[in-house]
Amino acid sequence: MDAFPDPQTLWQRYRRFHQITEEEQSLVQQPYHIDASGKEPRYYQVEAINRTVEAVAKGQNRVLLVMATGTGKTYTTFQIIWRLWKAGTAKRILFLADRNILIDQTLVNDFKPFGAAMTKIKNRKIDPAYEIHLGLYQAITGTDEADKIFKSVSRDFFDLIVIDECHRGSAAEDSAWREILDYFDSAVQVGMTATPKETEYVSNITYFGDPVYTYTLKQGIEDGFLAPYKVIRIDIDLDVLGWTPPPGMVDDLGGLIEDREYNRKDMDRTLVLNQRTKLVAERVMKFLQTTDPMSKTIIFCEDIDHAERMRKAIVNAAGKLARDNSKYVMRITGDSTEGKAELDRFIDPEEPYPVIATTSQLLTTGVDAKTCKLIVIDRTINSMTMFKQIIGRGTRIDEDNNKFFFTIMDFKHATALFRDDAFDGPPIVILGPDDDPNAPGPEEPDGDPDDDEVADDDDDDDTGGGSYKFVVSGVTARVLNERIEYVGTDGKLVTESYRDYARKQIASEYQSLDEFIWHWNASERKQAIIDELEQRGVILANLAETVGKDFGDFDLLVHVAFGAPPLTRRERAEKVKKRNYFAKYGDKARAVLEALLEKYADEGVETIEDNKVLRLKPFTQLGTPTEIIRGAFGGKAAYEAALRELEDQIYEQASNE
């Protein structure tokens, strides 16, 4: 082609490719909602929205979208509803969820532009004065016929129903969700999920049809929209080797302990070993103390009882941190009024406390914990659906709070599910129980159907099922083995050492040390090279843990990839000071550059290349960023030139080292 096709030509090609008829064209062309802040859908959200709208335009009334947790399913849902609503295709819409927090977050965030046309269904009444209805299924149905208020309106009342987290029961034929969907069977029904549930009993694909669009965790990480992760897998001797009580041994309450071997699957379900709980808590706090003790952390436990014992163990292990603030660690479970009251603060990036939440299943879905940096799994997980939801609590990126990756600490071997092809593979219908011996029975709805404002209770096993647990205090526990694994560019966990993995990735991009040094010195922003390598799965924070936290980015990379002897950031900074190159600058500019050099020595090149650095101490004592840039350097271009020269001085000897 000698020119790029004009918009009309492209549209005609798009129409032919997607087989859009004249009758379907007006709906397909319905505009998106334009946000005053400039927010626009990402490319995969555009694809999901377009495919859904086009499917509806073609008369498809059951639509399934599969999008990984953290990829903006609710915003995607909003744009779908907005376009169908504005086009007049859907005049009354029901957004159906099963958790109060899902409804409340949606109401005030992504769905806010609907304004006065929108309402939350409460007081067991569907108000026909509104067009957009957000409802908990518990608020519109129940076990008694009188509770089924959805029948108070005609079967054709809603034109569109969107089922959020539809894997949680909408496709089970005997579920409360399904009864609602069957009643409004003439409506277009769109199912949204990160984890399509496919068993002999529950099949979203059988109900909704094949997904019109799928966007996986692997794609999200590769695209840079989702945070990559590393896994610390910890084996405890009692879990791996097992424990058999001496004959006639009784537990702390005097109960005779059953004479058999107990192992990982028994821990905190049928057997409580207090020393094991203490060991887990101490290991969690050791990690936080060596990284950041204020990192938001979720600890998934077997049940409410385990979550409470873990909370107490964390309080003891945290010491002064917990004494200084009683909300440093909170149990957030369905039965804890105090804990649930802290949920909004836990997920608020602006609120430092609570830092650690112990839970069982309450935080597995619907909680947008963007700043969560550590997920601890001390819970037996056999369900891929639950595993994906738990991992999804950490996948969100929050640039404003410096959250770009997260850590999974696994005490129950749950992360073995990462190696299952089903983790990031295509959803498949399981035809019968023989194909899946672990398939669960029909799913039951969560929460109390008689209370439209609760609906946040944990799932079935949260209370421990009422079975007796043997509680034993005197049995010691120790860490038998600890292994760190990282996610690779293929979305799978790297089984080789991370150092070897990083070396191969760097070498595939730069053939020699000289080539790397040339690119490093030629780059105006060193962060660009760091970002490029992070796309390949080379995370500098991970390298620092294997080599040393005092080494700078350049030295970490050349040492790991090419075996060059590394210098610490402080050593490089001292070499710059000895050259006295600052002498040519005025007093104020010299003070700024010396402070930048100190920042480099303490934190690294990313910090001094970040424009926000001038808003930090000690720069605030020298003036505002604008005053510093203009007053000390004469303008932005001169400041950036001085910064590049400082970096040249830091890495001046790189070619000779």
Side-chain angles (χ1 to χ4, degrees), residues 23-24 26-27 30 52-53 55-65 77-100 102-103 106-107 111 113-166 168-192 204 206-209 445 447-453 455:
E23 294 74 24
E24 298 161 2
S26 61
L27 174 55
Q30 179 64 41
T52 303
V53 171
V56 173
K58 292 179 181 298
Q60 186 174 329
N61 63 357
R62 301 290 181 270
V63 181
L64 179 63
L65 280 175
T77 297
F78 161 71
Q79 289 286 5
I80 290 168
I81 295 174
W82 180 271
R83 291 177 65 185
L84 295 175
W85 182 52
K86 285 296 185 180
T89 302
K91 295 178 181 177
R92 285 201 185 96
I93 296 101
L94 172 63
F95 178 81
L96 193 61
D98 70 342
R99 291 275 170 92
N100 225 5
L102 284 170
I103 295 292
T106 301
L107 198 71
F111 278 32
F114 287 125
M118 174 176 61
T119 187
K120 176 182 176 181
I121 298 174
K122 49 190 173 183
N123 301 323
R124 296 211 167 269
K125 180 182 178 183
I126 297 176
D127 190 341
Y130 295 92
E131 297 172 71
I132 315 293
H133 300 255
L134 281 68
L136 294 163
Y137 80 85
Q138 297 98 324
I140 62 177
T141 191
T143 52
D144 297 331
E145 194 65 26
D147 296 326
K148 298 175 181 179
I149 65 160
F150 64 88
K151 293 184 178 180
S152 66
V153 295
S154 64
R155 296 174 69 96
D156 60 357
F157 183 80
F158 291 113
D159 307 301
L160 171 66
I161 301 176
V162 178
I163 307 95
D164 194 40
E165 306 289 1
C166 68
R168 291 178 63 81
S170 61
E173 291 188 16
D174 59 351
S175 72
W177 298 75
R178 186 64 172 267
E179 187 179 20
I180 299 168
L181 300 187
D182 287 344
Y183 182 79
F184 298 112
D185 60 353
S186 64
V188 172
Q189 297 175 8
V190 178
M192 306 288 293
N204 278 304
T206 301
Y207 182 78
F208 288 102
D448 180 358
D450 295 321
D451 185 350
D452 60 282
E453 288 302 318

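Residue numbers start at 1 and run along the sequence shown. Only heavy atoms go into these numbers, but all of them, side chains included; no hydrogens, no water, no symmetry mates. All values reported here derive from a predicted model rather than from experimental measurement.
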Contact check, side chains of Ile163 and Phe95, non-hydrogen atoms, under 4.5 Å: no

Test item: Arg155 and Asp185 side chains (from C-beta on) under 4.5 Å apart, heavy atoms: yes

Heavy-atom side-chain proximity of Leu136 to Asn100 below 4.5 angstrom: yes

By ring pair (Phe, Tyr, Trp, His ring centres under 6.0 Å) - contacts of Tyr183 (at least two apart): Phe150

Any residue meeting ring pair (Phe, Tyr, Trp, His ring centres under 6.0 Å) with Tyr130, in chain and number order, not counting sequence neighbours: none

Non-hydrogen side-chain atoms of Thr52 and Val190 separated by less than 4.5 Å: yes

Backbone N/O of Ala129 and side chain of Asp127: donor-acceptor pair under 3.5 Å: yes

Any residue meeting side chain to side chain contact (heavy atoms under 4.5 Å, CB included) with Glu145, in chain and number order, not counting sequence neighbours: Lys148, Lys151

Taking every non-hydrogen atom, the tightest pair across Ile103 and Ala97: CD1-CB, 3.9 Å

Partners passing ring pair (Phe, Tyr, Trp, His ring centres under 6.0 Å) against Phe78 (at least two apart in sequence or in another chain): His33, Trp82, Phe114

Test log, rule side-chain contact (heavy atoms from CB on, under 4.5 Å), inputs Thr89 and Asp159: CA-CA 8 Å; Thr89 302; Asp159 307 301; over 6 Å; no

Distance-minimising heavy-atom pair for Leu27 and Arg83: O-NH2, 4.2 Å

For Val162, the option from Leu94, Leu84, Thr77 that meets side chain to side chain contact (heavy atoms under 4.5 Å, CB included): Thr77

Results of side chain to side chain contact (heavy atoms under 4.5 Å, CB included) for Ser154 - residues two or more places apart only: Asp156, Phe157

Nearest non-hydrogen partners of Phe158 and His133, listed with the distance: CE2-CD2, 3.6 Å

Steps toward side-chain contact (heavy atoms from CB on, under 4.5 Å) verdict (Met118, Leu107): CA-CA 8 Å; Met118 174 176 61; Leu107 198 71; 3.9 Å; yes

Side-chain touch Ile161/Leu181, heavy atoms, less than 4.5 angstrom: yes

Side chain Thr141, main chain Gln138, donor-acceptor under 3.5 Å: no

Spacing of CE belonging to Met192 relative to CG belonging to Leu64, to within rounding of 0.5 Å: 9.0 Å

Residues in side chain to side chain donor-acceptor pair (under 3.5 Å) contact with Lys91, at least two apart in sequence or another chain: none

Atom pair CG/CD1 of Leu160 and Ile81 - distance to nearest 0.5 Å: 6.0 Å

Close side-chain approach of Ile180 and Ile140, heavy atoms under 4.5 Å: yes

Closest non-hydrogen atom pair, Gln60 against Arg62: NE2-O, 2.9 Å

Nearest-0.5 Å distance that lies between atom CD1 in Ile132 and atom CZ in Arg92: 11.0 Å

Spacing of CZ belonging to Arg124 relative to OG belonging to Ser152, to within rounding of 0.5 Å: 11.0 Å

Contact check, side chains of Gln189 and Val63, non-hydrogen atoms, under 4.5 Å: no

Nearest-0.5 Å distance, CD1 of residue Ile121 to CG of residue Leu134: 8.0 Å

Nearest heavy atoms of Gly191 and Phe208, plus distance in Å: N-CE2, 3.6 Å

